[in-house]
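Just below is one structure, and these are the notes that go with it.
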Amino acid sequence: MSTALRSDLGDDAVSLYGPAAEPAAPPPDPPPPPPDPAAWQAELVELLAGLEHVRWGLLGLPLGTGAAALLSFAEGTLQAVEGLAQDTPFPPDTADAQAEAVAKAGAFVSQLAALRPAPGGLLRSVFAAFGDHHPLPPAEVKACLLAHHEALAAYFAVFTAHFQSSKAARGWVSAASCFLTDYKAMIRDLA
Amino acid sequence: MPQPSGRHAQPSAVDLLREAMAAARGQDKARTRDLLRQATALDPHSETAWLWLAGVAESPLEATTALERVLALNPNHEKAIQDVRKVRLEAGIQAARAKDLPTARRLLRTAVADDPTNETGWVWLAGVTDSPTEAIGHLEKALAINPALSAAKKGIEYYQKKLAGGRKTGPLPAAATPTPPPGALKAVRGGPALVVDPSRTLRLLIGLTLAADGFTPVEAEDLAEALEAAAHTPPAVLVTAASLPGGDGYDLVRRVRERRPVPAVLLTDRVGTFDKVRGQWAGVDAHLPKPLRPAALRAAVAGRSPAGVAS
C-alpha cells in the first residue's frame, strides 16, 4: 500500500493494516580490521618526522616577524594530521576521542580565523599584504598555537588508540610526547 | 676560416681534469665521473685523476680500484691509504653480492688484514670462503672480537653441521655461491645503532624505525656525545644528521669509521653532488633527505648490511 493511500485512510489504515513497515536497516558495517602494527607505526613515524622537520626549521623564529610562518606551520601540520585521520578506518570505540580531536581542531581553526582579516583567503598572501606594518598580536598568536598543540595532542591520542596494545604503542607514544613537549616549550619561548 | 692549431685536438688529461672540476661545481656527478674516467684512460699515471675518480666513483668497487691505482703509483699516499681501508670492505661486500668470488675474497682478506678487529669483515669473508673449515675459522675470529655476536655462533653451528654432513657423504663441495651462514646474514642487524641528531623527537623516530629490524638504538645529541657513545658501544650501524652541534655528520662518520667500517647513513636537508662526494670521502654509505622516511632508512640500512646478500 502506498503512503498516499495510507494518508487518505487516516487512523483507520493503522487499525486495519498496522503501522507502515519501515525499510529494513542495512546491516551494520563490520568493524575495520586491526592495523598491521608495523605499517601503522611506520605511517605515524613518517607523519611525525615531517612535523618535527618543519618545527625544527622554525626554532628561534621571532614571534613578531615569524608569526605568519608559525601559523602556516600550524595550519599545514593540522591538515596533515587530519588527512591521516580521515584516511584511517578507526574502530568505533575511538569515536569519543575522534570527536574530541575534531572539537579541538575546530577551536584552533576559530582562533586562526580570528587572526585572519576578513574575508579570509590564503593566510600567506594576507600576511604578506599586511607585512611588518601590522604585526599580529603576540598573545593571540601564542594562544592560537597552544590551541593547535591541544588539537595535535588529541589526534595523537586517537592514533595511539588505534594500536592493538599499549606495548605496541609505546615507541610512538614516547616520540609523540617528546614532540608535544618540545613544541609546547617552543611556543612558551617565543618572544 | 681555419681554426687555430690544436683547437680541435684531443683534450689533454689536464684539460679533462679542469672540465671535471667545472662539472663537479655544476653538481653534475655523472659528467664529472665520465670526464675523470677519460682522464685516467688518457693518463693512467695521473694520481690526481685516480684520486678524484675515487671520490665520485659509482660504487665502492670502482672507488677501491681507483685508490689502489693511486697506491700503485704512490704507495705512501696517506689519503689513499686511509680511504682505501674504508671502502675496501664495502667493495668486498659488493663483489660478494655480485657473486664475484675471487674479487670478494681478495678484497675481504685485505680488509680484515687491514683491520683484524673488524667482525663484519670476518663474517663476510666466512660467507665467500671455499671451505666450511675456513669459514669456521673466520667466524671464530669474529666471535673473539665480539663474544656476543650470536650471528657468528649460529654461523659456526651451521658450518659444523655442514662439515659433519659432508664427512658422511664424502668430500666437501666448494661453496658455489657466497652464502653467509644463516646467522651471519644478520651480522649487522640486532646490534647497537648509533643515532645522532640534535632533535630528540627525530632520534626517537629513527630509533623506533631501526628497532623494527632488531637494532638497539643508542642516542647522541652532538658530535662529542656521539664519539663518546661510539667508543663506549661500538655501533653496528650509524645514522646521523649532517648538521650537528659541535661538528658535523661527515666528520663523525669519518672518525667512527676510522675504528671500524660500520655502515653509515647521513640524513640531510640537501643532497647535492658535493655533499655526496664529501660523504663518500667520509665513508657515508647513503644520503637520505630529511624529513625521515622510515622505508627509505630501513632500505638503506638493509642494503648496507650482510643481510643484503640474501635478498
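First the proteins, then the strands, lettered A, B, ... as listed; each starts at 1. Please read these numbers as outputs of a predicted model, since none were measured by experiment.
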| Those residues that, when tested against A:A49, pass side-chain contact (heavy atoms from CB on, under 4.5 Å) (two or more places apart) | B:L202, B:L205, B:L292
| field | Contact summary for B:P294 and A:A42, nearest pair of heavy atoms | value | CG-O, 3.5 Å
| Side chain, backbone, both or neither: which part of A:A175 has a heavy atom under 4.5 Å from chain B? | both
| Can you tell me if CD on B:E228 sees more than 12 non-hydrogen neighbours from other groups inside 6.0 Å? | no
Compile the donor-acceptor pairs, distance criterion under 3.5 Å only, formed between chain B and chain A.
residue : atom : partner : partner atom : Å
B:S199  : OG   : A:E52   : OE2          : 2.5
B:R200  : NH2  : A:D182  : OD1          : 2.9
B:T201  : OG1  : A:F179  : N            : 3.3

